[in-house]
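Read through the structure below, which is laid out as structure tokens, and then see the notes.
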Amino acid sequence: MTDERAERMQKIVSLAKRRGFVFQSSEIYGGLRSAYDYGPMGAELKRNLMNEWWRAMVHCREDVVGIDASILMHPKVWEASGHLANFSDPLVDCKLCGERFRADKAPRAEPGSPATVTLGDKGRAKAALERLSHLGIEGVRREGKTLVGLAVGPVGYVCPNCGSPILSEERRFNLMFRTHLGPVDPVGAVVEAVATAAREGKTGAELRAVAEAAIEASSVYLRPETAQAMFVNFLNVQGALSLKIPFGIAQMGKSFRNEVTVEHFIFRSCEFEQMEMEYFVPPGEGPKYLEYWKEQRMAWWRSIGLRAENLRFRAHGPDELAHYSDGCFDVEYRFPWGWDELEGIASRTDYDLRAHAAASGKKLSYFDPEATDPATGKKGWRYVPHVVEPAAGATRGVLAVLCDAYDEEPGDERGKGARTVLRLHPRLAPIKVGVLPLVKKDGMPEVARGIARDLFAAGVGAKYDEQHSIGRRYARHDEIGTPYCITVDGQTLEDGTVTLRHRDDRRQERIAADRAVEAVTDALKRA
RNA sequence: GCGGGAGUAACUCAGUUGGUAGAGUGUCAGCUUCCCAAGCUGAAUGUCGCGGGUUCGAGUCCCGUCUCCCGCUCCA
């Protein structure tokens with residue numbers, strides 16, 4: 001990150017705190033790593049953003065319905081989805097081919113015995129050889145796509161993919177937050193189980209396994225994504241509303257991951273908020289709908305005000321695609337530190353429903369009486385739907401919106417008129433209109449309060465504000481992104497007009513006070 | 001996880017060799033003020049990130065720890 005962009009990021013973080021958007025969690029106790037609280041402005045902004053998503057994805061569509069599922073789910077959900085295995089096993093990375101594998105499932109080999117590494121092709125073998133010399137390992141010979149001259153390390157296993165003994169250390173990833181359902185603390189059960197096992201002479205890894213089993217008995221997990229709830233509720237939702245494919249199930253809410261690294265303010269945190277939708281389609285139509293949702297989702301990010309030049313797609317390469325997926329695009333935003341993911345739009349085939357069908361024994365399929373079964377050629381087709389998933393980060397969406405909206409104007413040559421302004425889309429703005437008496441006398445406050453009340457009654461998020469000079473109040477509203485200000489002045493008392501001031505260009509127009517509500521609601525509608 | 005930098009008022013920061021914690025901005029009150037952070041007068045606000053140590057005395061020196069930022073690593 002360049003200094004200039006790092007400084008810009010600092011300023012955004014600083015403004016977020018100063019104006020009540022985002023505070024660090026538990027700040028008076030020194031702060032909690034990677035946890036943030038949304039203040040009065042931030043809570044409104046996040047809520048507005050998520051409401052916009054819900055409106056676009058659920059309310060404005062015939063084919064998508066919403067759910068709000070529990071954060072705690074049956075542990076078997078995570079077993080079936082693969083999260084449990086991938087999130088909590090001892091994992092090792094191969095330093096030659098990049099494969100990550102479970103240490104306990106790797107091919108065993110006698111420590112010290114010769115190891116032959118076989119890469120996919122000559123080019124990869126050359127690259128691996130370079131990596132070896134980089135690691136300071138010499139005396140390795142290349143024969144075509146194989147490397148000879150390495151020896152098995154003391155761990156006694158090699159990479160299942162290429163046979164390499166050059167491996168990272170075993171790391172126990174437990175990326176899911178484990179907790180316990182039920183009032184009995186599991187520590188007692190663990191102590192008892194371990195004590196019994198120790199008396200039986202068990203040691204080391206065996207004791208660990210005993211402890212692990214004792215914990216597992218009562219373990220549940222905070223969801224690491226909201227998506228699985230849509231899959232396990234597929235039959236419930238489809239049946240309850242008699243939905244016809246294609247249709248989607250949407251959900252917004254919190255998810256939790258013990259990230260290895262947290263970074264960039266609220267961008268990557270262990271507790272975060274997602275906006276996900278699973279769209280169920282007939283087999284074979286995944287790629288078509290992937291294309292459709294890709295465009296829809298990009299259009300949505302544009303519609304809430306993010307600038308086109310700061311948005312792009314990034315296609316996942318074959319190497320980073322999950323084995324079951326047949327296509328995935330990220331919507332990326334140009335954050336101050338560079339391009340980074342806002343949303344992933346993935347074609348997931350029938351992997352999820354099949355996995356849950358196999359694990360639960362329930363038939364997670366759909367019957368289309370109108371369609372022709374390609375296998376039999378007869379009318380009536382029962383199939384496991386394929387899924388296209390647009391999965392967006394709400395928390396990082398808030399950050400993208402703040403970054404995109406943040407602007408500084410230098411003012412004139414003496415710096416007069418300089419200001420910081422958040423050019424938030426009016427629908428996202430925490431406060432829609434500030435209602436200000438020009439000065440605190442001559443009955444102006446009373447008139448202004450009356451206008452504010454009218455705005456409240458019309459459902460417009462208004463704020464009456466009489467502190468400080470008019471210039472400071474405008475500046476403060478610019479900093480929190482308030483798109484409009486209505487000001488009551490001397491002329492109001494004579495002819496019943498007020499000024500309507502626009503945030504982006506500070507332009508003012510004179511309108512009738514009794515038409516203020518209408519003017520503001522019209523402007524918000526047009527925005 | 002590794003390496004580097006930082007933490008003093010709400011914000012930005014100063015704080016000398018270890019000797020009574022400061023400035024600007026902001027905030028609050030009053031006066032003034034008819035349009036873009038105006039002025040005058042006054043006021044409040046500090047676990048100096050936290051804990052320990054050395055010392056007669058620690059914001060300053062030492063140890064530990066937490067948090068943030070940057071770069072690597074990682075991101076099923």
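Sequence lines set the chain letters: A, B, ... in the order given, protein chains first and strands last, and positions in each chain run from 1. Side chains are part of it too, since the values below use all heavy atoms of this structure and drop only hydrogens, waters and symmetry mates.
Side-chain contact annotation: A:T349 with A:H386, donor-acceptor N/O pair under 3.5 Å absent. Using modelled atom types and a 3.5 Å distance limit, the side chains of A:E509 and A:H502 yield a donor-acceptor pair. Between the side chains of A:E343 and A:W301, at least one donor-acceptor pair of N or O atoms lies under 3.5 Å.
Distance noted for atom C1' between B:G51 and B:G7: 16 Å (whole Å). Remark: the separation of the C1' atoms in B:U33 and B:C50 is 47 Å, to the nearest Å. Comparing the C1' positions of B:U25 and B:G64 gives an interatomic distance of 36 Å, to the nearest angstrom. On the C1' atoms, B:C74 is 9 Å away from B:G1, given to the nearest whole Å. Spacing between B:A58 and B:A14 at atom P, rounded to whole Å, works out to 24 Å. A gap of 15 Å separates the P atoms of B:G18 and B:C56, to the nearest Å. Spacing of C1' atoms, B:C48 relative to B:C75, comes out at 37 Å, to the nearest Å. Going from the C1' atom of B:G4 to that of B:U47 covers 29 Å, rounded to whole Å.
By the side chain to side chain donor-acceptor pair (under 3.5 Å) test, A:Q274 pairs with A:S255, sequence neighbours left out. Applying the side chain to side chain donor-acceptor pair (under 3.5 Å) rule to A:H74 yields no partners; only residues at least two apart in sequence or on another chain are considered. Shown here are the salt bridge (Lys or Arg N to Asp or Glu O under 4.0 Å) partners of A:K11, two or more places apart in sequence or in another chain: A:E7, A:E408. Residues forming a side chain to side chain donor-acceptor pair (under 3.5 Å) with A:R348 (at least two apart in sequence, or on another chain): A:Y324, A:D352. Looking at residues two or more places apart in sequence or on another chain, you find a salt bridge (Lys or Arg N to Asp or Glu O under 4.0 Å) between A:D407 and A:R423. Checked against side chain to side chain donor-acceptor pair (under 3.5 Å), A:E466 has the following partners two or more places apart in sequence or in another chain: A:Y464. Residues satisfying the salt bridge (Lys or Arg N to Asp or Glu O under 4.0 Å) criterion with A:R501, sequence neighbours excluded, are A:D478.
Taking a pair as Watson-Crick or G-U wobble with both distances under 3.5 Å, RNA chain B forms stems of 3 or more consecutive pairs at B:1-7 with B:66-72, B:10-13 with B:22-25, B:27-31 with B:39-43, B:49-53 with B:61-65.
Between A:E27 and A:K17, at least one side-chain nitrogen of the basic residue sits less than 4.0 Å from a carboxylate oxygen of the acidic one, meeting the salt-bridge criterion. A salt bridge links A:D465 with A:R476; the closest basic N to acidic carboxylate O contact falls under 4.0 Å. Salt bridge absent: A:E79 and A:K76 never bring a charged side-chain N and a carboxylate O closer than 4.0 Å. Taking 4.0 Å as the cut-off between side-chain N and carboxylate O, A:E212 and A:R178 count as a salt-bridged pair.
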Every protein N/O within reach of nucleotides 43-48 of chain B N/O, cut-off under 3.5 Å:
residue: B:U47; atom: O4; partner: A:I28; partner atom: O; Å: 2.3

Listing time: all N or O pairs from protein to nucleotides 22-24 of chain B that are below 3.5 Å?
none

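For RNA chain B, no neighbouring residue in residues 397-405 of chain A is found when judged by any heavy atom under 4.0 Å.
Whole-Å rounding puts the A:R268 CZ to B:C68 C1' distance at 17 Å. In this entry the distance linking CD of A:Q10 with C1' of B:G7 reads 12 Å, nearest Å. B:G5 atom C1' lies 16 Å from atom CD of A:E7, rounded to whole Å. In this entry the distance linking OH of A:Y36 with P of B:U67 reads 11 Å, nearest Å. We find that CH2 of A:W337 is positioned 8 Å from P of B:C70, with the value rounded to whole Å. Between the CG atom of A:D330 and the P atom of B:C75 there is a distance of 15 Å, given to the nearest Å. Nucleotide B:C69 holds its P atom 13 Å from the NZ atom of A:K17, rounded to whole Å. Rounded to an integer number of Å, the gap from A:R257 CZ to B:C75 P is 12 Å.
In this structure, the nucleotide among B:C28, B:C69, B:U67 sitting nearest to the side chain of A:Q24 is B:U67. For A:S14, whose side chain is taken as the heavy atoms from C-beta onward, the closest listed nucleotide among B:U12, B:U73, B:C69 is B:U12.
Taking only distance into account, the side chain of A:R33 never meets the base of B:C66 through a donor-acceptor pair shorter than 3.5 Å.
Aromatic ring pairs are classed by plane angle as parallel below 30°, tilted from 30° to 60° and perpendicular above 60°; the pair A:F335 and A:Y333 is perpendicular. In this structure, A:H264 and A:W337 have parallel ring planes: the angle between them is below the 30° cut-off, well short of the 60° mark.
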| What is the per-nucleotide protein-contact pattern of nucleotides 33-41 of chain B, from the 5' end, where B denotes a base atom under 4.0 Å from a protein heavy atom, S denotes such proximity for sugar-phosphate atoms only, and - denotes neither? | BBBBBS---
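In this structure, A:F23 has its ring center no closer than 6.0 Å to that of A:Y36. Between A:F21 and A:Y38, a ring centre-to-centre spacing not shorter than 6.0 Å is recorded.
Place A:H468 and A:L32 on RNA chain B by their nearest nucleotides, and A:H468 ends up nearer the 5' end.
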